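It should be emphasised that the depicted structure is a prediction, and the values quoted were computed from it without experimental measurement. Each chain gets a letter, A, B and so on, in the order the sequences are listed, and its residues count up from 1.
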2 protein chains.
Amino acid sequence: MDLSLRQIRAFLAAAQTRSFTRAAESLHVAQPTLTVQIRRLEEALAVKLFDRNTRSVELTRIGRELLPVFQRMVHDLDAVVVDTHEIAAMRRGVVRVAALPTIAAGVLPDAIQSFRERHPGVTFVLKDVIASRVLGLVRSEEVDLGVTGGEVKGQDIDTVLEVRDRMHIVFPQGHAVGDLPRVTIETLAEVPLVLMDPATSVREIVDEAFLSAGRIAKPVCEATYMMTAIAMVRAGLGLTILPGSAREIAAEPTLRSRPIDMLAFSRPLRVIRKTGRSLPPLAEAFLDHLCGTLVEKG
Amino acid sequence: MDLSLRQIRAFLAAAQTRSFTRAAESLHVAQPTLTVQIRRLEEALAVKLFDRNTRSVELTRIGRELLPVFQRMVHDLDAVVVDTHEIAAMRRGVVRVAALPTIAAGVLPDAIQSFRERHPGVTFVLKDVIASRVLGLVRSEEVDLGVTGGEVKGQDIDTVLEVRDRMHIVFPQGHAVGDLPRVTIETLAEVPLVLMDPATSVREIVDEAFLSAGRIAKPVCEATYMMTAIAMVRAGLGLTILPGSAREIAAEPTLRSRPIDMLAFSRPLRVIRKTGRSLPPLAEAFLDHLCGTLVEKG
DNA sequence: TGCCAGTAATAGAGTTGAGCTATGGATCTC
DNA sequence: GAGATCCATAGCTCAACTCTATTACTGGCA
């Protein structure tokens, strides 16, 4: 006969109450049941745990030595059960997300904040990394979900949602662009532009869009960081083209932005997860919440 | 349904083999049994532990987090079982003894040594204390057994063995006492004696014995420590009376000793234990061994 | 595209064993 | 010495665990 947790619990109860009858009561079993449980445990361990007669129940020396060991064991186990129940009830949990920097600084904080209002026990681990790393982190399951652009190859990745992140034209308040009915490639080709560095994904999209339309941009200067491009627009050097999700635009009160009315001036934005892997309840819930937020804003 | 150790072991096996079939084999159960065990565990914890289809079995994130916890738990438990089995088989164990200093320095080390030859895994905790403390330590179960003199009051103490520690007359090699057929009170009353300090239990016995015989001792000087009394005998000041169990006598090669042929010149020596308390197997075995040794020597 | 091999899930039957009631036996109290 | 109290034992009942047989699903291969 193998030893069981019930036997260990019986041992703890008997050690605490120093009475089989009271121990049985506290465990809601009959007294003979407890007697047998203790005997089975003693048989499994091959040592006597209690010196007992009809008048007293006392731990033997070995029983005293085993008591704290078993106490810790049962305590740890109970803690695990409580823990998993909390996780299941979404009262507690860690959600790990990898996202492109633009997203991580833009829409994601908003989504996290509103999610935390409903689930105060949630903790987030957020990694802002480039597209290829987002994919890698999702693949290795180091994160629960990812928000990335570009193409997703491989069957081990599920695209939960795909929205388009439209490029915006950014201009100083009062600029003529603000009054146009639509912003098209024609407009863009006529104004001086502050473009992003050719190594950036934003520039790639812009170049591609101009190319496909057979037009040529009028670059006045280049910037590596969006914040720099914004500053140049503010300084009156020209206009710039940035993703609508970029937080940097709103950070500058004297500037305005409008979406560009052309599909090529947008990039795909994908919420991805690993195929066939279930996530902790809170992560699953946040995935829904994030998709909802993106659809709303998109 | 409560969670059980078998379920936890099933979880560990499945996590290790990443296959329900192989896990079932390693636990010597049928595959459906293991499937059910895992499902029950998941129900008890309210979380999914494996992402499984007919092609692969992988831990979920929560499963991965729980794995080391359960591993440690089962490991600890198995260690406890191994431990208690070793104790039961007397391959390991601690024996705690309290004894009068004379015993602790005399017969006890011999008994321990011969016992260790048969049981190499034994460890001893030895306390050399006065009679009243021996009793106290046995009573409080701080030691498994005690060796003490004097009276033992109270029903909570069992006298396992009682032998008499006979007083010896200690004399220089070649002294006339060595040639007498018997050493009696008459002999003692005629020779100059080095007596122990009145505060010692040895002196108490000697005084009592002389008193009951209506004789008077011829004290030439007093010593607090037996070693001092021995030194005085060696110096020729007189003879002394010490317990036969005293190691100090044998430590001096030029001296000899003989038992005194009178019951009053002896003290009771008791091996005691707490009534109704069982001891670890090795302690119980040593108790037997010690009693055997004492009977042999007495 | 469909078949085959391999694996987990399900269903139903049988058996083990855990718990309960009733009772016995021992010990302390009055 | 009688009664009360408490642990141990015995026999019964039933729940749950495990097994066999089978189904359902997935991925690889022709």
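As a whole-Å value, the separation of A/Asp51 CG from D/dC7 P is 14 Å. As a whole-Å value, the separation of A/Leu5 CG from C/dA18 C1' is 15 Å. The separation between B/Asn53 atom CG and C/dG6 atom C1' is 12 Å, rounded to whole Å. Between the CG atom of A/Leu34 and the C1' atom of D/dC7 there is a distance of 11 Å, given to the nearest Å. One can place CD of B/Glu58 at 15 Å from C1' of C/dA8, the figure rounded to the nearest angstrom. The distance between atom CD1 of A/Ile38 and atom P of D/dA8, rounded to the nearest whole Å, is 9 Å. Straight-line distance from the CD atom of B/Glu42 to the P atom of C/dA8: 13 Å, rounded to whole Å. The nearest whole Å value for the distance from the CG atom in B/Asp2 to the P atom in C/dA18 is 14 Å.
Here the side chain of B/His289 pairs a donor or acceptor atom with the backbone of B/Ala111 at under 3.5 angstrom. Put simply, the side chain of A/Arg92 never gets that close to the backbone of A/Glu86: no donor and acceptor are under 3.5 Å apart.
Checked by distance alone, A/Thr54 brings no side-chain donor or acceptor within 3.5 Å of a matching partner on the base of D/dC7.
Neither OP1 nor OP2 of D/dC17 sits under 4.0 Å from any side-chain N or O of B/Gln7. Between A/Arg6 and C/dG19, a side-chain N or O to OP1/OP2 separation shorter than 4.0 Å is present. Between B/Arg40 and D/dC17, a side-chain N or O to OP1/OP2 separation shorter than 4.0 Å is present.
Residue-level contact check: B/Arg52 touches the backbone only, with heavy atoms under 4.0 Å from sugar-phosphate atoms and none from bases.
Counted by atom type alone, B/Ser245 and B/Asp165 present one or more donor-acceptor pairs between their side chains at under 3.5 Å. A side-chain N or O of A/Gln31 and one of A/Thr35 form a donor-acceptor pair less than 3.5 Å apart. Remark: the A/Ser140 side chain and the A/Glu142 side chain contain an N/O donor-acceptor pair separated by less than 3.5 Å. B/Ser278 and A/Asp51 form a side-chain donor-acceptor contact under 3.5 Å, judged by distance and modelled atom types alone. Between the side chains of B/Arg164 and B/Ser266, at least one donor N or O lies within less than 3.5 Å of an accepting N or O.
Classification of A/Arg277 and A/Glu141 as a salt-bridged pair holds, one side-chain N sitting under 4.0 Å from a carboxylate O. The pair A/Lys274-A/Asp144 does not meet the salt-bridge criterion, since no charged nitrogen lies less than 4.0 angstrom from a carboxylate oxygen.
Comparing atom distances between the A/Arg55 side chain and each of D/dC6, C/dG6, D/dT18 picks out D/dC6 as nearest.
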Nucleotides 10-12 of chain C: which of its N/O atoms have a protein N/O under 3.5 Å away?
unit_1, atom_1, unit_2, atom_2, d
C/dT10, OP2, B/Arg39, NH1, 2.8

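Shown for residues 11-30 of chain B: residues whose heavy atoms fall under 4.0 angstrom of DNA chain C, namely B/Ser19, B/Phe20, B/Thr21.
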